[in-house]
Amino acid sequence: MKHCCQIRVKGIVQGVGFRPFIYRIAALFHIMGRVWNDTQGVLIHAEGGEDDIRDFIQEISANPPPLAVIQDIEQVEIPCAGYGDFTIVPSRVLETRSTFIPPDICICDECLEELFDPEDKRFQYPFITCTNCGPRFSIVDDIPYDRSRTSMEQFSLCPYCRGEYEDPQNRRFHTQPVACPACGPHLTLHKNTGEVVSVEIRDIVTRTVQLIREGNIIAIKGTGGYLLGADARQDSAVLKLRERKCRPFKAFALMAGTVERIKDFCHVTEHEKSLLLSKERPIVLLLEKEPLVSRHIAPSGIYQGVMLPYMPFHYQLFHEDPSMVLIMTSGNVSDEPIVFRDRDAFTKLSHIADYFVTYDRDIISQTDDSVVFADGDETHFIRRSRGYVPAPFYTGKGTCHILSAGGDLKNSFALAKDDTIILSQYLGDLATPGGNRQYRDTVDRFQKIYDFSPEIIVSDLHPGYFTTAIADEFAEKGLRRIRVQHHHAHIASVIEDRSIEGSVIGIAYDGTGYGTDGTLWGSEIMVADRMEFSRMGHFSYFPLPGGESAITDVWKIGISLLHQCYGRDVPLLDEEKGKDVIFEIIEKKINSPMTCSIGRIFDGIAAILGLSRTISTEAEAAQRLEMAAMNGINPFAVPYEIPFIQEDGFVIRTDALTRYIVELLQEGRDVESIAYLFHLAIAKTTENVVAFIAREKNINNIVLSGGVFQNRLLLSMVREFLEKNGLQVYLPRRIPVNDGCIAMGQIAVAKEMVGNGKV
């Protein structure tokens, strides 16, 4: 007997070859009917035998296309229409939108093989793609996902590509970005004046490699924006890029052609290898072993951020010269978002790049390269962007529409809609007008694509944040308003990410976060759940002389820490000519907000040890301190246990830690061993305080979050000490450990408050 049902498939099911997949298995199970995309996902009208339909649905669930993520499959019986075949029909736009766009994915092995096959139609074509690879998020303007709603709309399919697009047996069947040299986008090589140098692909590849060898800097249009490429082995090229980009310290990302080449200068574990080779192709932070590349690539000297090619053009460059190691760093002006529009590229990057490699397909959504590091078999994000965004997080808990603004540094915002959370790509720091504009534009785009009208707006407590002002604007339109403390958001983000139930002890070691008492927090040990927290411990307060200027002039923090212990008779930093002024503003409490930030303690100790006076990028002093500690590791060292007092919670004495460091210096200990002992003292004292709270509160689950835990030495120490106490330690898995997680935590808190009627 013939049965008929309507099957709704939700999730990442557009742009991943889902309709062609359904078409093929329909034939396998003798199913007649129709399949189409709409703004809620994929809808199937299936007619066939009862057993065949059951097996058909089972196959959809068990063996979807490689890039698909099925959130849900719903089926309802409907009357038969008497179809005599099975076809793909045009997409439909419904009143509601709930489907998701897949992330951009690296070129697949089949396309890569064709790229270098002289007999193939797409030989050396840098925009070769298929159902299983290529750009998605970066080219989509709207849903449902069809060519007409992407930046491929302007490129009409030639007969050859049309034939593949319409052939159910071809892997390019209904691949929206499909193209070839006859009908698709093309590369152009320009001088930085805009003058065209070449439009022929083989010539562009050859010339680009030669220009790189000659020490030139090349702006290369990538998947989600422009990258700046240069020879990583030439000191002169690296220093020129540093000077032009005004980036004296922050490490540059590298690209090599193969894992084997990476192993020539970095240690690569099996897990790190799997990350390098993954379809997402992130930058992976690897421990350097050989000085193959310029020492000026990563002045911190600990880790190199390396990735493999992910676009066809990248592979073409390395095919030309397999021995190359290239800088591939974000194409942006210092502190501004990555440049992704062609008109902006020549305006903003022409003083940095000597040449430009562009193409005539627009990037609609910008994405920086994602950055991760491995801790054993675990992956931790520093930057979640290309390859991962905008894949949704499924929460299983329906909710009203919530927009969380995130923080002002390393910003990502988030949407909560129904039973999903969508975290935006990394948008960087929002201190510049360009960053502000990009933030607003991206929020608008997400609202359009996901048909999202927020009912609740969530922000940080900090009254001076740009994101707080944005949230205020939404609130003025009548939205309900929630403010979430910065470090509670850090901990709540991990609770949400790891699906932890009940209360945890959260350790939020961070740079700066606005506290509920109006001071600057940043060394928080708390008992928390999704909705609320209780502050249980922190380092003691010290002045931040000059306010935010001290975050750059870290010598001021060193003076402050010493003054807290010794008054004006500081035993170190005698050469600092401005120290008397700093004494004055501390003692008169002029622009000297109190802070307990552990990030600022790292800065101050780095200054006291002579490792850093001023910094050019966030966490530079802390990185120098970590590098010194890595060189001073002593497995037999006895940890100093920083004294703490119980005064409305545990207060760890910052002054005692400073005295300990000064005494080690006065004993003549070398800076590297002192740096290691500093890390060891913080880790051991953290263990002491947390173990006490765990026993007192009968809590076994410990959550770590905050930018300071990007310090892999401190992270490993804290984790090891806590686990030796039998405690279960959780870190984020799918979101960054730094402020890139704040929006997720804000959503988690807001959802819980809504669910408990607190809003």
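By convention here, the first residue in the shown sequence is residue 1.
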Chemist: Listing request: all salt bridge (Lys or Arg N to Asp or Glu O under 4.0 Å) pairs with a residue in residues 497-509, at least two apart in sequence or in separate chains.
Modeler: Asp497-Arg734

Chemist: Determine which pairs satisfy salt bridge (Lys or Arg N to Asp or Glu O under 4.0 Å) with at least one residue from residues 743-759, sequence neighbours left out, and list them in order.
Modeler: Glu496-Lys751

Chemist: Which pairs pass ring-ring contact (aromatic ring centres under 6.0 Å, His included) with one or both residues in residues 395-421, sequence neighbours excluded?
Modeler: His401-Phe452, Phe413-Tyr439, Phe413-Phe446

Chemist: Would you say the side chains of Asp368 and Ser385 form a donor-acceptor pair under 3.5 Å?
Modeler: no

Chemist: For residues 278-285, run the donor-acceptor check on the side chains, cut-off 3.5 Å, and write out each pair with its distance to 0.1 Å, sequence neighbours left out.
Modeler:
residue: Ser278; atom: OG; partner: Leu275; partner atom: O; Å: 2.8
residue: Ser278; atom: OG; partner: Glu280; partner atom: OE1; Å: 3.3
residue: Arg281; atom: NE; partner: Pro309; partner atom: O; Å: 2.9
residue: Arg281; atom: NH1; partner: Leu277; partner atom: O; Å: 2.8
residue: Arg281; atom: NH1; partner: Ser278; partner atom: O; Å: 3.0
residue: Arg281; atom: NH2; partner: Tyr315; partner atom: OH; Å: 2.8

Chemist: Give, for atom CG of Leu713 and atom CZ of Phe678, the distance between the pair rounded to the nearest 0.5 Å.
Modeler: 11.0 Å

Chemist: Is there any ring-ring contact (aromatic ring centres under 6.0 Å, His included) pair reaching into residues 523-544, and which pairs are they, with sequence neighbours excluded?
Modeler: His488-Phe533, His538-Tyr541

Chemist: Would you mind listing every salt bridge (Lys or Arg N to Asp or Glu O under 4.0 Å) that reaches into residues 662-686, with sequence neighbours excluded?
Modeler: Lys684-Glu687

Chemist: Enumerate, atom names and distances included, each donor-acceptor pair closer than 3.5 Å involving a side-chain atom of residues 598-608, sequence neighbours excluded.
Modeler:
residue: Arg600; atom: NE; partner: Asp603; partner atom: OD2; Å: 2.9
residue: Arg600; atom: NH1; partner: Thr512; partner atom: OG1; Å: 3.1
residue: Arg600; atom: NH2; partner: Asp603; partner atom: OD2; Å: 3.1

Chemist: Check ring-ring contact (aromatic ring centres under 6.0 Å, His included) between Tyr465 and all other residues, then give those that pass, not counting sequence neighbours.
Modeler: His462

Chemist: Output all residues satisfying ring-ring contact (aromatic ring centres under 6.0 Å, His included) with Phe249, sequence neighbours left out; order by chain, then residue number.
Modeler: none

Chemist: Can you list the residues that meet the salt bridge (Lys or Arg N to Asp or Glu O under 4.0 Å) rule with Glu641, with sequence neighbours excluded?
Modeler: none

Chemist: Using the salt bridge (Lys or Arg N to Asp or Glu O under 4.0 Å) rule, collect all pairs that involve residues 693-702, keeping only residues at least two apart or in two chains.
Modeler: none

Chemist: Could you pull out all residues at least two apart from Lys410 that satisfy salt bridge (Lys or Arg N to Asp or Glu O under 4.0 Å)?
Modeler: Glu618

